[in-house]
Amino acid sequence: MLRTHHCGELNMTHIGQQVTLSGWVAKRRDLGSLTFVDLRDRYGITQLSFNEEYNSTLLEEARKLGREFVVQATGKVTERSNKNAKLPTGEIEIIVEKLTVLNPSLTPPFTIEEDTDGGDDIRMQFRYLDLRRDNVRQNMMLRHQMARYTRQYLDSKGFIEVETPVLIKSTPEGARDFIVPSRMNPGQFYALPQSPQTFKQLLMVSGFDRYYQIVKCFRDEDLRADRQPEFTQIDCEMSFVEQEDILNLFEGLVQYLFKEVKGIDIGQLPRMTFDEAMHRYGNDKPDTRFGMEFQYLKPLTGDRNFQVFDTAECVLGICAKGCGNYTRKQLDELTEWVKRPQIGARGLVYVLCQPDGSYKSSVDKFYNQDDLEKWANLCGAEKGDLILVLSGNTRTVQKQMSELRLEMGQRLGYRDKSRFSALWVIDFPLLEQDEESGKWHAMHHPFTSPKPEDNGKLESDPGAVRANAYDMVINGTEVGGGSIRIFNKDLQARMFKRIGFTEEEARNQFGFLMSAFEYGAPPHGGIAFGFDRLCSIFGGADGIRDFIAFPKNNQGRDMMIDAPSVIDHRQLKELGIKIQ
Ligand code: ASP
């Protein structure tokens, strides 16, 4: 037997027992005639104790142990004189009687501790060592729990997990496909799925009624902190349902996850239309952990000869509580911040609400105290607050103000990662227009159904058509999204036409789906959650990387196995691929 217990379970109730533990040497401390070794495994850390008086040969052996050696130790569980309240095993130690080195280790390139000294690259290259760190492993445990409870919930609701293929054909869902050459079909390629969208819809045609899959998806996009070329979705589809049924069922899923995994009662999820979200927060995924909602000041800013506001379609203000004492330097810095190309504002107008009830603004030349008081009233600003104002074209200024609101929320500590605010955003537009080409695209994907009452406007007024589509948003991040689908062949054909597919293109790409719709397709709809993101939000982290066992870096590289890599000539030839 290599162990009788693991390293996280021994405590005062085991005093006097003879035990054997196996694990990794996390730390060794030599003090005069004593040596202590922290032995680590997945479950925790237990202190091994070596004493010259008790056994000097063993002490010498212990002093040869390097970090990350794999050892087995047998000895007696004894009460510690120097207790460590932070460790579950902190009241005891093992007085070692027998020590075996099961495997030595090279000195690891970084220390395996919560606050490691390893930079990103080196930790990625030695990910198997990084995963030994307690906090990284905790993230993986959280992920496991999330998957487990997801399965439990969906199973209890009658969903069955079905695997869909990974080698498929390109589907236009906005991103680029990863392509796999087919040796047996020279010159032809598979694509890796961006999502199992069409397959899950076909399963509904097959009568599976309720499908789910925790599934890898692949998108060849530029990477950011919360994106990976391969990621995981909780993908779901249901038949004979309306939007309301889906919202209720999946609201239930996140409530269940919050309860089981975090012990939090998240409550009912508010619903907000896309238009309302844009109006109040300038964002279709508003961070509702805090207010700082937009106020529309245009009706209060006219006729004062301030060209910037007079010519602007929209003047927006937000109130930053308690920032009325911002210095000139801070305000200049904030102005530079909104003028950065990423935000693109032309300038920033501010109003400081002074402690004496007066106002000091960057537009004092144009607006008197009465004017500014009206602004302040509309914005809910009181003495000691700061009003920030941007102006311009409505959509543009909403976007810019959204960024500024998030930034101020961050600076004011409103975006606390241990607090959660979830909501549904509904009634998205079905289509969006590309500014340059004037072409219409599906905002969600081409299988999303228009609201029946807007159906007739598909050709005449495409911008006004709303979709039966919904997103779930937590803390300003879209964690899931889905829609009620088109299940009628003619409507699907109209949709393809609207987004610029010729009949032939539609048949080539999606003939199988259109045909399936001729064999009794039920009304259906679904949703997919970004599983990595959901885990990172539950874990209170920014990026998804630390919730993926073996992630890729920002260049899409796996630093550990060094992929992607060139392949040898023979392989290329076999695949019929020529590289110039
Ligand atoms: N397939 C969609 C996506 O990946 C989700 C859905 O509509 O169910 O975003």
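Just so you know, residue 1 is the first one in the sequence shown, and it goes up from there. Just follow the structure's listing: the first ligand is 1, and inside any ligand the first atom is 1.
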**Student:** For residues N475 and T477, is any side-chain donor paired with an opposing acceptor at under 3.5 Å?
**Tutor:**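 Absent: no donor and acceptor within the cut-off.
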**Student:** May I ask you to check whether H445 has an N/O atom sitting below 3.5 Å from an N/O atom of ligand 1?
**Tutor:**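 The answer is yes, given that H445 and ligand 1 share an N or O pair closer than 3.5 Å.
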**Student:** Quick one: sort the H524 and F487 rings into parallel, tilted or perpendicular, breaks at 30° and 60°.
**Tutor:**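 Rings of H524 and F487: perpendicular, as their planes differ by over 60°.
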**Student:** Could you grab the distance from atom CD of Q255 to atom CZ of F250, nearest 0.5 Å is fine?
**Tutor:**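 Interatomic distance, Q255 CD to F250 CZ, rounded to 0.5 Å: 13.0 Å.
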**Student:** H444 versus ligand 1: do any nitrogen or oxygen atoms come within less than 3.5 Å of each other?
**Tutor:**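 Yes.
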**Student:** Would you check whether Q197 has a nitrogen or oxygen atom less than 3.5 angstrom from a nitrogen or oxygen atom of ligand 1?
**Tutor:**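 Yes, at least one N or O pair falls under 3.5 Å.
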**Student:** With heavy atoms under 4.0 Å as the rule, classify the contact between R485 and ligand 1 as side chain, backbone, both or neither.
**Tutor:**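 Side chain only.
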**Student:** Which atoms of ligand 1 have any heavy atom of I527 under 4.0 Å away?
**Tutor:**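 Ligand 1 atoms under the 4.0 Å threshold to I527: 8 (O).
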**Student:** Is the shortest distance from a heavy atom of R219 to ligand 1 less than 4.0 Å?
**Tutor:**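 It does, in that a heavy atom of R219 comes within the 4.0 Å cut-off of ligand 1.
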**Student:** With heavy atoms of Q233 as the reference, note each atom of ligand 1 found under 4.0 Å away.
**Tutor:**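 The list of qualifying atoms is 3 (C), 4 (O).
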**Student:** Using a 4.0 Å cutoff against the non-hydrogen atoms of S195, which atoms of ligand 1 qualify?
**Tutor:**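 Ligand 1 atoms under the 4.0 Å threshold to S195: 1 (N), 4 (O).
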**Student:** Closer than 4.0 angstrom, basic N to acidic O: yes or no for K451 and D427?
**Tutor:**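 Here K451 pairs with D427 in a salt bridge, since their nearest N and O are under 4.0 Å apart.
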**Student:** Should E478 and R533 count as an ion pair when the cut-off is N to O under 4.0 Å?
**Tutor:**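 Result for this pair is no, no salt bridge flagged.
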**Student:** Tell me, please, whether F290 has R405 positioned over its six-membered ring: NZ or CZ under 6.0 Å from the ring centre and within 45 degrees of its axis?
**Tutor:**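 Verdict for F290: a cation-pi partner in R405.
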**Student:** Going by the atom numbers of ligand 1, which of them fall below 4.0 Å from some non-hydrogen atom of K200?
**Tutor:**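 Per the distance check, 6 (C), 8 (O).
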**Student:** Near G482, which atoms of ligand 1 are under 4.0 Å from a heavy atom of that residue?
**Tutor:**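 So the atoms of ligand 1 that pass are 6 (C), 7 (O).
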**Student:** Can you measure from CD (E251) to CZ (R271) and round to the nearest 0.5 angstrom?
**Tutor:**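 Here the interatomic distance stands at 6.5 Å.
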